[in-house]
Engineer: 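The following block contains the structure, expressed as structure tokens.
Numbering of residues begins at 1 and proceeds along the displayed sequence.
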Amino acid sequence: MFNSPSAIPPPQSVDEDVLHDFHPFFKVYKDGRVERYAFHNQPVRPPGFDPETGIETKDIVLDSDTGLTVRLFTPNLENLDHKVPLIIHIHGGGFCVGSALDAITHNFVASLLSQVQAVVISVEYRLAPEHPLPTAYEDSWEALKWVGSHAAGSGPEPVLNRSVDLDKVFLLGESAGANIAHNLVTRAGTEGLPGLKIAGMVAVHPFFVGDEEDRHYKFLCPTSSGCRDDPRLCPGADPGLARMVTGRVLVCLAEKDHLRGRGLEYYETLRKSGWVGSVELFESEGRDHCFHMFSKDEKAQELIKKFAEFVKRE
């Protein structure tokens, strides 16, 4: 998961064998080897039933050739007489770390499902630089299309056929995941996305480019300039922005986040874009980037409650 640079100490010495050091994510050695900082080596949490939360998790391989996987989170829905919304979660991590399958994501989703009746799918997209961008975008797009294949109630996953209302699909991403989520709803507006309706999107502490070239992104995506002329990095440069398919967007900021200004610019860009949906802003005072993924304090619970209210709103 993306963590604030201030949370991981910078290297104290220079290794002459290191070609690139993209702290706090990874180092690239001259022999081509990639080494992620130890903080990001989170173990996979096996799927199964969690007796503490009552949530059943299941991993579904969507493409055996690429290994593209989603993790399905299903709460106890036995006594419900109606279908529930689907939340598609896209994890953060600078496009190069993080996982849908680790305890960080599990604990976040469990906190969210304690506040709202829904089914959650978290996308285990392939990570750069081993899988250069736009791989993460393409994997997430394939996951959306797979969800849409359940529209007639005859898709491959019974929970989606039986329990999910595909007219109430929400995308939720933090940091790089928010960037991916945004690009999915703009792509759906251009190419179409049959079988589901994206009712809303939650962009939490979203990553977009600033005024200077982003060397990290440019390295991960060799076809990108890493600058504001890339629509993936600068929504204002996207001629398809006004065709975003979602009806509502919630942009979440954190007061001490180094990306706060970019998130605020994103909110203003949507507001002035000609897009016919509605956008709202929520800020967590005194908190840093993606704090809610690592904390259960009052501010984290307040933010997760805001997500749940956004999904439950008619």
Side-chain angles (χ1 to χ4, degrees), residues 44 47 57-74 85-102 105 109 119-161 164-203 207 217 220-224 230-233 238 240 243-246:
V44 169
T57 54
K58 174 184 179 181
D59 292 343
I60 305 168
V61 178
L62 306 190
D63 188 328
S64 58
D65 291 332
T66 66
L68 172 60
T69 301
V70 297
R71 175 160 286 187
L72 178 70
F73 296 77
T74 308
L86 174 67
I87 300 171
I88 300 176
H89 171 248
I90 305 175
H91 71 79
F95 307 97
C96 59
V97 299
S99 174
L101 313 181
D102 63 20
T105 294
V109 172
V119 169
V120 175
I121 284 176
S122 191
V123 182
E124 181 71 345
Y125 56 82
R126 288 170 290 169
L127 300 177
E130 294 88 345
H131 303 281
L133 295 174
T135 298
Y137 297 99
E138 295 300 327
D139 283 353
S140 300
W141 180 250
E142 290 302 315
L144 250 64
K145 290 197 298 182
W146 176 81
V147 171
S149 73
H150 295 77
S154 56
E157 174 47 51
V159 169
L160 298 188
N161 293 326
V164 164
D165 184 349
L166 291 183
D167 284 336
K168 294 182 179 178
V169 175
F170 293 82
L171 297 185
L172 190 161
E174 67 274 352
S175 194
N179 175 291
I180 295 172
H182 164 79
N183 281 283
L184 292 176
V185 296
T186 55
R187 181 172 180 177
T190 301
E191 299 183 18
L193 189 62
L196 57 84
K197 179 180 178 181
I198 301 177
M201 178 183 68
V202 182
F207 164 77
Y217 189 92
L220 300 180
C221 185
T223 59
S224 174
D230 185 340
R232 288 193 177 109
L233 293 176
D238 187 352
R243 296 194 296 272
M244 286 197 335
V245 296
T246 184

Engineer: May I ask you to test the Phe207-Leu233 pair for a side-chain heavy-atom distance under 4.5 Å?
Structural biologist: yes
Engineer: Are the side chains of Leu160 and Ile121 in contact, using a 4.5 Å heavy-atom criterion?
Structural biologist: yes
Engineer: Is there side-chain contact between Leu172 and Met201, with heavy atoms separated by less than 4.5 Å?
Structural biologist: no
Engineer: Can any side-chain N or O of Ser175 pair as donor or acceptor with the backbone N or O of Gly92 at less than 3.5 Å?
Structural biologist: no
Engineer: Find the distance between SG (Cys96) and CG (Leu220) and round it off to the nearest 0.5 Å.
Structural biologist: 5.5 Å
Engineer: Has the side chain of Asp102 got a donor or acceptor atom that lies under 3.5 Å from a matching backbone atom of Thr105?
Structural biologist: yes
Engineer: When you measure from the side chain of His182 to the backbone of Asn179, do you find a donor-acceptor pair of N or O atoms at a distance under 3.5 Å?
Structural biologist: no
Engineer: Scan residues 131-141 for pairs that pass salt bridge (charged side-chain N to carboxylate O under 4.0 Å, His left out), counting only residues two or more places apart or in two chains.
Structural biologist: Arg126-Asp139, Glu138-Arg187
Engineer: Minimum heavy-atom separation for Phe170 and Lys168, please, with both atom names.
Structural biologist: CD1-O, 3.7 Å
Engineer: Calculate, to the nearest 0.5 Å, the distance between atoms CG and CG belonging to Leu86 and Leu196 respectively.
Structural biologist: 8.5 Å
Engineer: Is it the case that the side chain of Asp63 and the backbone of Leu68 share a donor-acceptor pair, with hydrogens and angles ignored and the cut-off at 3.5 Å?
Structural biologist: no
Engineer: Determine the minimum heavy-atom distance between Ala143 and Val123, stating which atoms define it.
Structural biologist: CB-CG2, 4.0 Å
Engineer: Identify the heavy atoms of Pro231 and Asp238 that sit nearest to each other, and give their distance.
Structural biologist: CB-CB, 3.8 Å
Engineer: Assess whether side-chain contact (heavy atoms from CB on, under 4.5 Å) is satisfied between Trp141 and Ile180, documenting all intermediate values.
Structural biologist: CA-CA 9 Å; Trp141 180 250; Ile180 295 172; over 6 Å; no
Engineer: What distance separates Leu133 CG from Arg232 CZ, expressed to the nearest 0.5 Å?
Structural biologist: 7.5 Å
Engineer: Applying side-chain contact (heavy atoms from CB on, under 4.5 Å), run through Leu127 and Thr135 and close with a yes or a no.
Structural biologist: CA-CA 8 Å; Leu127 300 177; Thr135 298; over 6 Å; no
Engineer: How about Trp146 and Pro156: do any of their side-chain heavy atoms sit closer than 4.5 Å?
Structural biologist: yes
Engineer: Report the C-alpha distance between Leu193 and Val245 in whole Å, list the side-chain angles of each, state the deciding distance to 0.1 Å, and finish with yes or no for side-chain contact (heavy atoms from CB on, under 4.5 Å).
Structural biologist: CA-CA 9 Å; Leu193 189 62; Val245 296; 5.9 Å; no
Engineer: If I compare all heavy atoms of Pro194 with all of Gly192, which pair ends up nearest, and what's the gap?
Structural biologist: CD-C, 3.8 Å
Engineer: Compute the centroid of each ring, for Tyr125 and then for His91, and state whether the two points are separated by less than 6.0 Å.
Structural biologist: yes
Engineer: Quick check for you: to the nearest 0.5 Å, what is the distance between Asn183 atom CG and Leu171 atom CG?
Structural biologist: 11.5 Å
Engineer: For the CG atom of Asp165 and the NZ atom of Lys197, what is their distance to the nearest 0.5 Å?
Structural biologist: 9.5 Å
Engineer: Less than 4.5 Å apart, side chain to side chain, heavy atoms only: is that true for Pro132 and Cys221?
Structural biologist: no
Engineer: Might you work through the side-chain contact (heavy atoms from CB on, under 4.5 Å) test for Leu72 and Glu157, ending with a clear yes or no?
Structural biologist: CA-CA 10 Å; Leu72 178 70; Glu157 174 47 51; 3.7 Å; yes
Engineer: Could you tell me whether the side chain of Leu184 reaches within less than 4.5 Å of the side chain of Ile90, counting heavy atoms only?
Structural biologist: yes
Engineer: Please report the closest heavy-atom contact between Asn161 and Ser154, naming both atoms and the distance.
Structural biologist: OD1-N, 3.4 Å
Engineer: Quick one: CD1 on Ile60 to CD on Glu124, what's the gap to the nearest 0.5 Å?
Structural biologist: 13.5 Å
Engineer: Please assess Asp59 against Thr69 for the test side chain to side chain donor-acceptor pair (under 3.5 Å), listing each intermediate value before the final yes or no.
Structural biologist: CA-CA 7 Å; Asp59 292 343; Thr69 301; over 6 Å; no
Engineer: Grab the two heavy atoms, one from Asp230 and one from Tyr217, that are nearest each other, plus how far apart they are.
Structural biologist: OD2-CE2, 3.9 Å
